[in-house]
Each structure stands twice: as C-alpha cells, then as structure tokens.
Amino acid sequence: MRTPGKRMGLCGLLTPLVAFSAIAISIALSPWFSWARNALSDLGALNSPVWPIFNTGLVMAGLLASRFSYGILRGAEGGLEKAGSVLLLAGSVSLALIGLLPEDTGLPHFLVSVAFFFLTPLGFLILGLRDLRGPNRAYSALMVIFSLASLTTWASWACFRPPVGIAVPELIAALLSSASLVLLTSKALRGTGA
C-alpha cells in the first residue's frame, strides 16, 4: 500500500470526531431521547427537532470516511486488501446515506444502516487479517479484535434481546469501528501498510 497523504489521513481521523460530535449534541438537545427505548436514528427522523444536526453530521462523517477509504483502495495491493478496501468504502458511503435517508424513508434507511454496521467491521476485519504477520501486527490484531467485537455486538443483540434500546448496540458497534478506523489511519500514515 502506498503511504497516504496527510489530507487523507486527516479525513480518517476527523470521521469519528464529526460523527460523535453530531450524535452527542443531538442527544444533549433531546430530553425525550432514552437509551432504554430509542434508536440513534430517531434523532434524525424528520419529526425530531435536531434532525439537521444529526443527519448533517452523519453525511459529513460518511464523506470523510469515503475519502479515506477511497485512498486506501487506490493504494491497495493484492486481492484481499482490495476486497477489504471495497467493503470499507461501501460502509463509508452507507454512513453518508444514513443521513440522507432518515428513518422516515423506511426500508431504504434500514438497508443502508444494516450495510454500514455490517460492511464496515467486515472491511476492517479483512484488512486486519491480511497483515497479521506484517511489521506492525499489533495494529492488525487490535483491528481484528475490534471488528469481531462489533459483529458480536449485533449477534448478541439478536440472540439475547437485552432490555435496552437499539441505540446501545449501535453506539457500541460505532465506537468499535471508530477505534479500528483510528488504528488503520495511524498505521497507514506510518507507511506500514493496511
């Protein structure tokens, strides 16, 4: 993989900052929001007073992530790295589409949400597995662990249905994917490959 430029790396690092800032501000301005009952997407529904903040934040974060992912894809070497990069790019585009297709759109919103929460950790998992024997295997091992934990979060939710709103697994999965993104960005900027 070619070492990415600083602008691309900045896009990777800004992605979680923009997304979680929009989410935190939206929750802070929404006293009705409940971790026991709501999904994060309820904040972006068109009947929510904070929908412009929430949806704009996700669109911006998705565009930043897409720019970073596209850069990773352009520098990818080998089929496995390209496959992981394509999945990561698809997940990044899905994040932007979550903001463009709020939950009021029904099925389209559901599909892009599932795509984001499934494709993103899967892309990180493939990229992490690819370089477990590389010079910076600690980064890769952590990416694999975070990706598996993100996917396991959803499997656990589906199996056990804990008495909390779906916003809880959404937040956990998003935090784990963001940790993988920061690791991949740091690793790429060091020029050690993905």
Side-chain angles (χ1 to χ4, degrees), residues 1-20 23 40 58 60-98 111-160 166 168-194:
M1 171 186 286
R2 293 176 303 184
T3 303
K6 290 182 180 178
R7 287 184 184 175
M8 189 187 107
L10 184 60
C11 288
L13 294 175
L14 283 176
T15 297
L17 178 64
V18 170
F20 289 116
I23 292 169
L40 290 177
L58 293 192
M60 289 175 57
L63 292 174
L64 288 166
S66 296
R67 170 65 185 97
F68 174 77
S69 301
Y70 179 69
I72 294 293
L73 177 59
R74 286 189 62 193
E77 299 170 352
L80 200 57
E81 188 174 341
K82 287 180 181 176
S85 301
V86 166
L87 290 172
L88 197 57
L89 179 57
S92 300
V93 171
S94 297
L95 176 59
L97 289 175
I98 293 172
L111 292 176
V112 295
S113 297
V114 170
F116 168 70
F117 283 113
F118 180 70
L119 297 177
T120 303
L122 190 58
F124 285 126
L125 177 62
I126 292 171
L127 291 172
L129 287 171
R130 178 202 170 266
D131 202 35
L132 275 178
R133 296 185 182 185
N136 221 340
R137 62 183 61 91
Y139 282 82
S140 298
L142 284 173
M143 280 175 54
V144 168
I145 291 168
F146 292 150
S147 301
L148 290 173
S150 179
L151 293 169
T152 301
T153 297
W154 288 112
S156 299
W157 171 263
C159 291
F160 302 111
I166 198 168
V168 174
E170 286 176 332
L171 182 64
I172 293 169
L175 286 168
L176 290 165
S177 287
S178 293
S180 291
L181 177 59
V182 171
L183 284 169
L184 181 59
T185 303
S186 302
K187 188 175 174 188
L189 286 174
R190 289 167 61 99
T192 57

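All values below were derived from every heavy atom in this structure, side-chain atoms included, with hydrogens, water molecules and symmetry-related copies excluded. What you are looking at is a predicted structure, and each value in this text was computed from that prediction instead of being measured.
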Give the C-alpha distance, both sets of side-chain angles, the deciding distance and a yes or no for side chain to side chain contact (heavy atoms under 4.5 Å, CB included) between Met143 and Leu125.
CA-CA 6 Å; Met143 280 175 54; Leu125 177 62; over 6 Å; no

Yes or no on side chain to side chain contact (heavy atoms under 4.5 Å, CB included) for Trp154 and Ile172, after CA distance, side-chain angles and deciding distance?
CA-CA 10 Å; Trp154 288 112; Ile172 293 169; over 6 Å; no

Chi angles and distances behind the side chain to side chain contact (heavy atoms under 4.5 Å, CB included) call for Phe146, Leu175:
CA-CA 9 Å; Phe146 292 150; Leu175 286 168; over 6 Å; no

Apply side chain to side chain contact (heavy atoms under 4.5 Å, CB included) to Ile98 and Phe116, showing your working.
CA-CA 8 Å; Ile98 293 172; Phe116 168 70; 3.8 Å; yes

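Between the side chain of Thr153 and the main chain of Ala173, no donor-acceptor pair closer than 3.5 Å is present.
Counted within 6.0 Å of CZ on Phe20, heavy atoms from surrounding residues, nucleotides or ligands total more than 12; the atom is thus considered enclosed.
To the nearest 0.5 Å, the span separating OG1 on Thr152 from CH2 on Trp157 amounts to 16.0 Å. Remark: Glu170 CD to Leu40 CG distance equals 4.5 Å, nearest 0.5 Å.
A side-chain contact (heavy atoms from CB on, under 4.5 Å) with Thr120 is found for one member of Ser177, Ser94, Ser147, Ser92 and no other, namely Ser177. The residue from Leu89, Leu87, Leu88 that alone fulfils the side-chain contact (heavy atoms from CB on, under 4.5 Å) condition with Leu73 is Leu89. Results of the side-chain contact (heavy atoms from CB on, under 4.5 Å) test with Thr185 over Leu10, Leu13, Leu14 single out Leu13 as the only residue that passes.
Within the 4.5 Å cutoff, the side chain of Leu127 has heavy atoms near those of the Ser85 side chain. Residues Leu151 and Phe118 form a side-chain contact, since some pair of their non-hydrogen atoms from C-beta on lies under 4.5 Å apart.
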